[in-house]
Amino acid sequence: MASRRQLALVLHAHLPYVLDPTPWSPAEGWLHEAIWECYLPLVEMLEGLDRDDVGGSITISISPPLASMLADPRLGRRFEGRLSALIDLNDAQRQRIASQPRFDEVNRLYGRRLREAKDSWQRHDADLLGPLRRLHERGRVELMTTAASHAYLPGLSPLKNAAAAQLRVGRQSFAALTGVDCGGLWVPECGYDDTVDAALSTMGCRYTVLDDHAVRFAEPRQAPGSAIVSHRGVVILPRDREISHLVWDPRRGYPGHPSYREFYRDLGLELPAAQLAPFTPATLTGLKYHRITAKNQQHKEPYEPESAHARARRDAADFLNRLEASAERRRATAPFIVAAFDAELFGHWWFEGPQFLDHLLRGLHRSQTLEATTLGDTVARCPEVATAEPTPSSWGRGGFGAAWVGPKTAWLWRHIHHAHHQVRAAVQRVSNESVTCALARDQAVRELLQLQASDWPFMLDTGQGTAVATQRLSEHYRRAMDLAAVAAGDRDATEAEQHRLAAAQRQAGFLHELSGDALCAALA
């Protein structure tokens, strides 16, 4: 077993901060779906592996916005209410499908899964950070985090301290919420340039993951799959593109098999409004009764859970075989493989994903070639690492940040940069400020960080969720500018300004686990 190669499986979990004054808003639904389809099944799967004494461990990165939402009792209560409503909605379909018995199996599956999710949620005291922290303490999981609001850091390069502030606040927030101080940090969107390296080094970050071309095109060039260390001392582990695309690729990846659940045929898009209450029309409920059947084809056959589960088992075995073959081919040049994915792929976009991971990790336990290790263990066991400078890069389309700083989103960066200058000036102001000014300053920093989130340019670039992105960009920019003006003033805030400040504080619990001093010190 001592000669086994290492597989560092990394799941990066992130959602934008979506707490809304109105419960069950469409954006808040993103969180609810991810909890019952992805996060709860992953926790249950990992706890099952631990109970069965299955060896191996993985890395899970949780963004501060997601961690903050998972720790918020308001969202926890709303999620539990939504689960109850989904159970009722699914149960109500039994009469509708009575004449279509081929849908009976999937209807019963959702009945079981939703009730199991509710039991699991209550058994974990409506707290998923707790079991993940315990898995971290047992060595089953390495927890790490990322930038405060998941900003695309190269877009902040022209701004003094902006990237470092995102990383410092993110690390402090995660530690306050979980008690875990991370040795490594996930770089949002794997977005990298020299200022990001400088910020990581300043944080004392020992390692991170970048897409493989960041290392392949490094100066000097490196062998595929090799780890490198930057001149500032940050170890860079390359995400294996070939291996990752076996899962990730929308055309050739495993999730596209005809047996798997069809994501876009949701009851919320198919039922009349009268049958959807209390959900609003065009709401994605997560209740999807069809399988993929054939891509780019309107007709979809009923989903068959047993067939899909069997497919997940076969695909996990195939993936393990390919991993082992890749490890053997590169035994002399790379002692490890890094396979990094968005966590939400497993369960949300790919409903059978947690089953796939369960079979994969159990197979790795039996493998004579590979073992599942954390990023930290992989770095610790790396042989001597060459010093090289990664090329500026990202993951995603094109590999060089086009989805975040391309033509469709260029306009928003001038607003982000302008707000940064105004808020930073308010932070640096030295005077005997009033309590209101101090609160306004702190909230202005929170609004600025949320304005910088990578989610908004990505939505604008893809054309999906553009209304939400545009609204959020406008709201955070306006609040950041208004509150910075209050904070920088030598006068008491007007009644209207105090009202806006109070509303902003009520609307968001984002980063309220940190003191104002910590927020402002990061940006100063």
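All of these numbers come straight from a predicted model, not from anything done at the bench.
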Once you round to the nearest 0.5 Å, how far does [atom1] of [X] lie from [atom2] of [Y]?
| X | Y | atom1 | atom2 | result |
| --- | --- | --- | --- | --- |
| I416 | L473 | CD1 | CG | 6.5 Å |
| E33 | L287 | CD | CG | 9.0 Å |
| I35 | L15 | CD1 | CG | 8.5 Å |

Check whether the ring centres of W36 and F79 lie less than 6.0 Å apart, and answer yes or no.
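No, the ring of W36 stays outside the 6.0 Å limit from the ring of F79, centre to centre.
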Does [X] reach the side chain of [Y], with side-chain heavy atoms less than 4.5 Å apart?
| X | Y | answer |
| --- | --- | --- |
| P154 | V196 | yes |
| T195 | L153 | no |
| I58 | I60 | yes |
| L448 | Q443 | no |
| T285 | L271 | no |
| V234 | I236 | yes |
| L128 | L40 | yes |

Does any N or O in the side chain of [X] come within less than 3.5 Å of the main-chain N or O of [Y], such that one atom is a donor and the other an acceptor?
| X | Y | result |
| --- | --- | --- |
| H417 | G155 | yes |
| D125 | D127 | no |
| D240 | I337 | no |
| T470 | A467 | no |
| S201 | D197 | no |
| S394 | G401 | yes |
| W413 | W404 | yes |
| H136 | L143 | yes |
| R441 | V427 | no |
| Q166 | A148 | yes |

Answer yes if the side chains of [X] and [Y] hold a donor-acceptor pair under 3.5 Å, and no otherwise.
| X | Y | value |
| --- | --- | --- |
| S149 | Q450 | no |
| T373 | T378 | yes |
| Y39 | E344 | yes |
| D193 | S157 | yes |

NZ/NE/NH1/NH2 to OD/OE distance under 4.0 Å, D249 and R241
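Result for this pair is no, no salt bridge flagged.
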Does a side-chain N-to-carboxylate-O contact under 4.0 Å join E262 and K288?
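Salt bridge: no.
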Which of these passes ring pair (Phe, Tyr, Trp, His ring centres under 6.0 Å) with W349: F263, Y254, W248?
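With W349 as partner, F263, Y254, W248 yield a single ring pair (Phe, Tyr, Trp, His ring centres under 6.0 Å), made by F263.
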Shortest non-hydrogen contact between [X] and [Y], atoms and distance:
| X | Y | value |
| --- | --- | --- |
| L483 | A440 | CB-O, 3.5 Å |
| G225 | F336 | O-CZ, 3.4 Å |
| L345 | P255 | CD1-CG, 4.5 Å |
| G268 | D266 | N-OD1, 2.7 Å |
| T374 | S57 | CG2-OG, 3.3 Å |
| M144 | L375 | SD-CD1, 3.7 Å |

Please determine which of T145, D181, T146 meets the side chain to side chain donor-acceptor pair (under 3.5 Å) test together with R171.
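Result for side chain to side chain donor-acceptor pair (under 3.5 Å) with R171: D181.
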Classify the angle between the aromatic ring planes of F356 and W350 as parallel (below 30°), tilted (30 to 60°) or perpendicular (above 60°).
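Tilted, since the angle between the ring planes falls between 30° and 60°.
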So H150 and H14, would you call those rings parallel, tilted or perpendicular, with 30° and 60° as cut-offs?
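H150 vs H14 ring planes: parallel.
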Restricting to pairs with a member in residues 165-204, which pass ring pair (Phe, Tyr, Trp, His ring centres under 6.0 Å), not counting sequence neighbours?
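Applying ring pair (Phe, Tyr, Trp, His ring centres under 6.0 Å) to every pair that reaches into residues 165-204, excluding sequence neighbours, yields H12-W186, W186-W395.
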Cation-pi between R77 and W121: NZ/CZ under 6.0 Å from ring centre and within 45° of the ring axis?
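No - R77 does not lie over the ring of W121 by the 6.0 Å and 45° rule.
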Does NZ or CZ of R446 come closer than 6.0 Å to the centre of the six-membered ring of F510, within 45° of the ring's axis?
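Relative to the ring axis of F510, which defines the angle, R446 lies outside at least one limit.
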Decide yes or no on side chain to side chain donor-acceptor pair (under 3.5 Å) for S454 and E189, but give the supporting numbers first.
CA-CA 8 Å; S454 71; E189 321 300 357; 2.7 Å; yes
How about F458: does its CZ atom have over 12 heavy atoms from other parts shown lying under 6.0 Å from it?
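Check fails, neighbour count at 12 or below.
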Do E513 and S173 pass the side chain to side chain donor-acceptor pair (under 3.5 Å) test, and can you show the C-alpha distance, the side-chain angles, and the key distance before you say yes or no?
CA-CA 7 Å; E513 63 274 5; S173 168; 2.4 Å; yes
Please tabulate, one pair per line, all N/O donor-acceptor pairs under 3.5 Å involving side-chain atoms of residues 215-224, not counting sequence neighbours.
residue: R216; atom: NE; partner: D212; partner atom: OD2; Å: 3.3
residue: Q222; atom: NE2; partner: P220; partner atom: O; Å: 2.9

Going through the distances and angles, do R472 and D455 end up as a salt bridge (charged side-chain N to carboxylate O under 4.0 Å, His left out)?
CA-CA 10 Å; R472 293 293 296 273; D455 309 275; over 6 Å; no
Using the test salt bridge (charged side-chain N to carboxylate O under 4.0 Å, His left out), find all partners of R82 that sit at least two apart in sequence or belong to another chain.
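Partners of R82 under the salt bridge (charged side-chain N to carboxylate O under 4.0 Å, His left out) test: none.
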